[in-house]
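Right, one structure below, let's go through it.
Both counts, for ligands and for their atoms, begin at 1 and track the order of listing. This is a predicted model, so every value here is computed, not measured.
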Amino acid sequence: MTCNEKTILGIEKLKERIAQLKKERNAVILAHNYQIPEVQDIADFTGDSLELARKAADQEADVIVFCGVDFMAETAAILSPDKTVLLPAKEANCPMAEMITAGELRVLKERFPEAAVVCYVNTTAEVKAESDICCTSSNALKVVQSLDADQVIFVPDRNLGSYVARFTEKKIMPWEGFCFVHDRIKPEDVKKAQNLHPEAELLVHPECRAEVIDMADHVASTSQMIEHVCRSRKKEFIIGTETGILHRMKKDCPEKLCYPLSSQAICSNMKRTDLMKVYSSLQDLNPRVSVPSDIADRACLSIRRMLEV
Ligand code: 13P
Ligand code: SF4
């Protein structure tokens, strides 16, 4: 037996055990589109932040295994406080979510008392608790337009905030946060990719810089990108987001050719979850994610408001 065959056998056994434990625990596995292929393949549902929040909100299972980063599992715990929410990779965090604290947001609110506060879902529970409404990359403009206020404090992503500002009359005041994966994609990367694939359509995530967004054919959340690729009559696409998404594109629309805009666009935090960690978390029902009820109750309002928009 070759080493490769042994590994495959190991992976297959692990998958069987995960499936068995999942039944025993009455668990569901939710995975973000950036997860490694093996994790995406064992998930009951793979999606973008909004889809995953919706799944977490109306879950029948007793246990939610969240394969993603901390703010996503926290959102699930806030929406389903009676469930056990597991984050298999305890250390998987989102650096952008750490770029604003609840204290900093309170100072901003005092400076602009007339402004509404929109927080990207990539925030801590404490920041969500200080916000009027939450948003994701797929609904940010809709959320902003749903507000009565003319001024909006938008935290923490400056790129998403500036992108939304293009389409609204409201005054958007973006915080200076950013995603290191998307923010480092440069116009030169776009030119290089377009030289290699001149027929391809360019899709980018709104966490990208304005100069990159200006060059795109479409700006979309991760799941919106997958949907667009599958539906489009075009054959080739350059994908301007984290490269984990390419696995789903290959699976959902194998006839299309999708190229990464940058092979460096890898979120190390999203890659911390593997099959072994999923298995151990189901076995031990740990690491658990919970949010203190005083914060969770207030954060829940801003998430629920978003889900209603
Ligand atoms: P989506 O909601 O588009 O999946 O994005 C989440 C994220 O973390 C992007 O970096
Ligand atoms: Fe956070 Fe960026 Fe990773 Fe998404 S890709 S989880 S925004 S660091």
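When only non-hydrogen protein atoms are considered, atom 5 (O) of ligand 1 lies nearest to His205 NE2, 3.3 Å. The closest protein non-hydrogen atom to atom 6 (C) of ligand 1 is Ser49 OG, 3.4 Å. Protein heavy atom in closest approach to atom 3 (Fe) of ligand 2: Cys267 SG, 2.4 Å.
Every atom of ligand 2 with a heavy atom of Cys179 under 4.0 Å away is listed here by number and element: 2 (Fe), 5 (S), 7 (S), 8 (S). Atoms of ligand 1 lying under 4.0 Å from any heavy atom of Tyr34, numbered from 1 in the order shown and given with element: 7 (C), 9 (C), 10 (O). Residue His182 has at least one heavy-atom neighbour below 4.0 Å for each of these atoms of ligand 1: 10 (O). Within the listing of ligand 2, atoms 8 (S) sit less than 4.0 angstrom from a heavy atom of Pro95. Of all atoms in ligand 2, numbered sequentially from 1 with element shown, those under 4.0 Å from a heavy atom of Asn122 are 7 (S). Applying the 4.0 Å criterion to heavy atoms of His32 picks out, from ligand 1, the atoms 1 (P), 4 (O), 5 (O), 6 (C). Less than 4.0 angstrom separates some heavy atom of Tyr34 from each of these atoms of ligand 2: 5 (S).
Considering backbone and side-chain N/O atoms, Thr136 never comes within less than 3.5 Å of an N/O atom of ligand 1. Distances between N or O atoms of Asn33 and those of ligand 1 include no value under 3.5 Å. Remark: ligand 1 and Ser221 share no N or O pair separated by less than 3.5 Å (distance only, no angle test).
By the 6.0 Å contact criterion, NZ on Lys186 is enclosed, its count of non-hydrogen atoms from other residues, nucleotides or ligands being greater than 12. In Gln264, the CD atom is not crowded: 12 or fewer heavy atoms of neighbouring residues, nucleotides or ligands sit closer than 6.0 Å. Annotation for Asp82: atom CG counts as buried by contact number, over 12 foreign heavy atoms lying within 6.0 Å. Annotation: Glu24, atom CD; neighbour count of heavy atoms from other residues, nucleotides and ligands within 6.0 Å is above 12. Other residues, nucleotides and ligands place more than 12 heavy atoms under 6.0 Å from the CD atom of Glu91. Lys251 NZ: more than 12 foreign heavy atoms inside a 6.0 Å radius.
Between His182 and His205, the angle of the ring planes lies from 30° to 60°, which puts this pair in the tilted group.
When the options Glu207, Met72, Glu242, Met96 are ranked by their closest heavy atom to atom 9 (C) of ligand 1, first place goes to Glu207. Proximity annotation for atom 6 (S) of ligand 2: of Gly244, Cys94, Gly68, Cys94 comes nearest, heavy atoms only.
Screening Asp41, Asn33, Asp252 against His247 for a side-chain hydrogen bond (donor to acceptor under 3.5 Å, both in side chains) leaves a single residue, Asp41.
At distances below 3.5 Å, at least one donor-acceptor pair connects side-chain atoms of Arg248 with backbone N or O atoms of Thr46. When atom types are taken as modelled, the side chain of Arg288 and the backbone of Thr84 share no donor-acceptor pair closer than 3.5 angstrom.
By the criterion of a heavy-atom distance under 4.0 Å, both the backbone and the side chain of Asp48 are placed next to ligand 1. Residue contacts with ligand 2, taken as heavy atom pairs separated by less than 4.0 Å, do not involve Glu242 at all.
Between His32 and ligand 2 there is no heavy-atom distance shorter than 4.0 Å. Ligand 1 lies less than 4.0 angstrom from a heavy atom belonging to Asn122. Within the 4.0 Å heavy-atom shell around ligand 2 one finds Met96. Heavy atoms of Gln224 come nearer than 4.0 angstrom to ligand 1 in no pair at all.
Interatomic distance, Leu87 CG to Phe71 CZ, rounded to the nearest 0.5 Å: 11.0 Å.
Taking the charged nitrogens against the carboxylate oxygens, Lys256 and Glu236 have no contact shorter than 4.0 Å, which rules out a salt bridge. A salt bridge is defined here as a Lys NZ or Arg NE, NH1 or NH2 lying under 4.0 Å from an Asp or Glu carboxylate O, and Lys90 with Asp70 fails to meet this definition.
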